[in-house]
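Quantities reported herein were computed from a predicted structural model and do not represent experimental measurements.
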Amino acid sequence: MVSCIMFAEARGVKHYSIEVLAEYPHDRDAYTQGLFFQDGQLYESTGQYGKSTFRKVDYVTGKVLRRLDFGRKYFVEGSVVLDGRLYILTWQNKVAFVYDFPSLEYEATYSYPREGWGLTSDGKNLIASDGSSSIYFLDGKFRTQRKLNVTMNGRPLRFINELEYVDGRIWANVYTTDLIVIINPESGEVEATVDCTGLLPKKYMDADTDVLNGIACNPADGKLLLTGKNWPFIYEIRLVEKK
């Protein structure tokens, strides 16, 4: 297993910028809600009523290798695989879906008590956000095991969105911003920030282009990918510590 980032214990909040290493095509109609690697393969969940999907993607070519489509009443959010099952949240439908993985055969629908936003896993629990400053550790039936309050410099940090568990830390997009935060999963403290300003050049933006949203780290080779909602590209990046 290759580390996506060597991240030591922080004294105060560290600050990073990014360097783009490669650019890959991305479906501009994909309103990215969840992005993750599983067994070296990239998967993506996309939102919007009438357009929500779950996809297996060849990120190098942008080709969608497999796709699940959801009914028009569902707005799909974060997704992750844990213990041979695929878990998918919905935004305001108050339900979450479970599928066998990798067959993607439907298994169950569960009642979900809050808005669904981001979803990841530490290998033991599901880890979910709801757009507030709280992160929830859940079991496989979406029952809350622990609630984590996220703070930066001692203050609650709201709008925690898409999540990725990277080398023992929770990475999170902060909704409506170009900021990613790296969170200690025990204390909830933000240990580092990643400034992604300008990642998508303005010349590629149009009326449908939305915010940065989508973090995927491949433990097999250490690649770190970022994208956004209705973005035409996925970017492979590395972190550069600000002096």
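With hydrogens and angles disregarded, a donor-acceptor distance shorter than 3.5 Å links the side chain of Asp122 to the backbone of Lys124. A distance-only check finds a donor-acceptor pair linking the side chain of Ser52 to the backbone of Tyr74 [under 3.5 Å]. At least one donor-acceptor pair closer than 3.5 Å links the side chain of Thr61 to the backbone N or O of Lys63. Formation of a donor-acceptor pair under 3.5 Å by the Glu19 side chain with backbone atoms of Ile237 is not found in this model. With Asp100 contributing its side chain and Tyr106 its backbone, the two residues share no donor-acceptor pair below 3.5 Å. Of the possible donor and acceptor atoms, none in the side chain of Gln92 sits under 3.5 Å from a partner among the backbone N and O of Glu115. With hydrogens and angles ignored, the 3.5 Å screen pairs no side-chain donor or acceptor of Ser79 with any backbone N or O of Gly34.
Shown here for Gly116 and Leu89, the closest heavy-atom pair between the two residues is CA-CD1, 4.0 Å. Taking every heavy atom of both residues into account, Ile160 and Ala172 meet most closely at CG2-CB, 3.8 Å. Counting all heavy atoms, side chain and backbone alike, Val150 lies closest to Ile135 at CG2-CD1, 3.7 Å. Heavy atoms only, all atoms of each residue included: Ala192 and Tyr16 are closest at CB-CE1, 3.8 Å. The two residues Pro185 and Tyr165 have their closest heavy-atom pair at CG-OH, 4.3 Å. For Val57 against Gln41, the heavy-atom pair with the smallest separation is O-NE2, 2.5 Å.
To the nearest 0.5 Å, atom CZ of residue Phe70 and atom CG of residue Asn93 are 10.5 Å apart. Asp139 contributes atom CG, which lies 8.5 Å from atom OG1 of Thr144 (distance to the nearest 0.5 angstrom). Here Asp58 contributes atom CG and Leu42 contributes atom CG; the two are 9.0 Å apart, rounded to the nearest 0.5 Å. Atom CG of Asn230 sits about 5.5 Å away from atom CG of Asp208, to the nearest 0.5 Å. Rounded to the nearest 0.5 Å, atoms CD1 (Ile180) and CG (Leu163) are 11.5 Å apart. Here the straight-line distance linking atom CG of Leu82 with atom OH of Tyr87 works out to 5.5 Å at 0.5 Å rounding.
Between Tyr24 and Phe233, a ring centre-to-centre spacing not shorter than 6.0 Å is recorded.
At a cut-off of 3.5 Å, with distance as the only test, no side-chain donor of Thr32 or Thr227 sits close to an acceptor on the other residue. Looking at Glu191 and Asn184, their side chains do bring a donor and an acceptor atom within 3.5 Å of each other. A donor and an acceptor atom, one from each side chain of Glu77 and Trp91, are nowhere located under 3.5 Å apart. Under 3.5 Å, the side chains of Asn161 and Asn213 contain a donor-acceptor pair of N or O atoms. When only modelled atom types and interatomic distance are considered, Ser134 and Arg114 share no side-chain donor-acceptor pair under 3.5 Å. Under 3.5 Å, the side chains of Gln33 and Lys229 contain a donor-acceptor pair of N or O atoms.
Remark: Arg146 is positioned above the aromatic ring of Phe137, its terminal NZ or CZ atom under 6.0 angstrom from the ring centre and at most 45 degrees off the axis.
The cluster map of Ile, Leu, Val, Met, Phe, Trp and Tyr, joined by side-chain heavy atoms under 4.5 Å apart, puts Val240 and Val13 in different clusters. Clustering ILVMFWY residues whenever any of their side-chain heavy atoms sit less than 4.5 angstrom apart, transitively, puts Val98 in a cluster other than the one holding Phe101. In the hydrophobic cluster analysis, where Ile, Leu, Val, Met, Phe, Trp and Tyr join through side-chain heavy atoms closer than 4.5 angstrom, Tyr204 is grouped together with Val20. A continuous path of Ile, Leu, Val, Met, Phe, Trp and Tyr side chains, each step under 4.5 Å between heavy atoms, connects Val81 with Tyr43, placing both in one hydrophobic cluster. The same ILVMFWY cluster, assembled from side-chain heavy atoms under 4.5 Å apart, contains both Leu239 and Leu200.
Ring pair Tyr31/Phe75 is perpendicular by interplanar angle, where above 60° counts as perpendicular and below 30° as parallel. Ring geometry, Tyr99 versus Phe97: the interplanar angle falls from 30° to 60°, so the pair is classed tilted.
In this structure, Leu224 and Trp171 have side chains that are in contact, with non-hydrogen atoms separated by less than 4.5 Å. Side-chain contact between Leu225 and Phe37 is present, with at least one heavy-atom pair separated by less than 4.5 Å. In this structure, the side chains of Leu157 and Val181 come closer than 4.5 Å at one or more pairs of heavy atoms. Side-chain contact between Arg85 and Glu107 is present, with at least one heavy-atom pair separated by less than 4.5 Å. Contact annotation: the side chain of Arg72 never approaches that of Lys51 to less than 4.5 Å [non-hydrogen atoms, C-beta and beyond]. The side-chain heavy atoms of Met152 and Thr193, taken from C-beta on, include a pair separated by under 4.5 Å. Val190 places none of its side-chain heavy atoms less than 4.5 Å from the side chain of Thr151. Taking the side chain as every heavy atom from C-beta outward, Leu199 and Trp231 approach each other to under 4.5 Å.
With Tyr136 as the partner, the side-chain contact (heavy atoms from CB on, under 4.5 Å) test is satisfied by one option alone out of Leu119, Leu126, Asp130: Asp130.
Counting heavy-atom neighbours within 6.0 Å of Lys94 NZ, excluding the residue itself, gives a total above 12.
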Run Leu68 and Leu104 through side chain to side chain contact (heavy atoms under 4.5 Å, CB included) and show every step you take.
CA-CA 8 Å; Leu68 296 178; Leu104 302 186; 4.2 Å; yes
Is there a salt bridge (Lys or Arg N to Asp or Glu O under 4.0 Å) between Arg55 and Asp27? Walk through the geometry before answering.
CA-CA 11 Å; Arg55 307 166 176 209; Asp27 180 1; 2.8 Å; yes
Take His26 and Glu44 through the side chain to side chain contact (heavy atoms under 4.5 Å, CB included) test and state the conclusion after the steps.
CA-CA 11 Å; His26 181 244; Glu44 179 178 23; 2.8 Å; yes
Please evaluate residues Arg28 and Thr209 with respect to the criterion side chain to side chain contact (heavy atoms under 4.5 Å, CB included), reporting the C-alpha separation (whole Å), side-chain torsions for both, the decisive distance (0.1 Å), and the verdict.
CA-CA 8 Å; Arg28 196 154 198 159; Thr209 306; 3.5 Å; yes
Do Arg169 and Ile183 pass the side chain to side chain contact (heavy atoms under 4.5 Å, CB included) test, and can you show the C-alpha distance, the side-chain angles, and the key distance before you say yes or no?
CA-CA 6 Å; Arg169 296 293 185 270; Ile183 303 162; over 6 Å; no
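Electrostatic pairing of Asp69 and Arg67 counts as a salt bridge here, judged by a charged N lying under 4.0 Å from a carboxylate O. Taking 4.0 Å as the cut-off between side-chain N and carboxylate O, Lys242 and Asp195 count as a salt-bridged pair.
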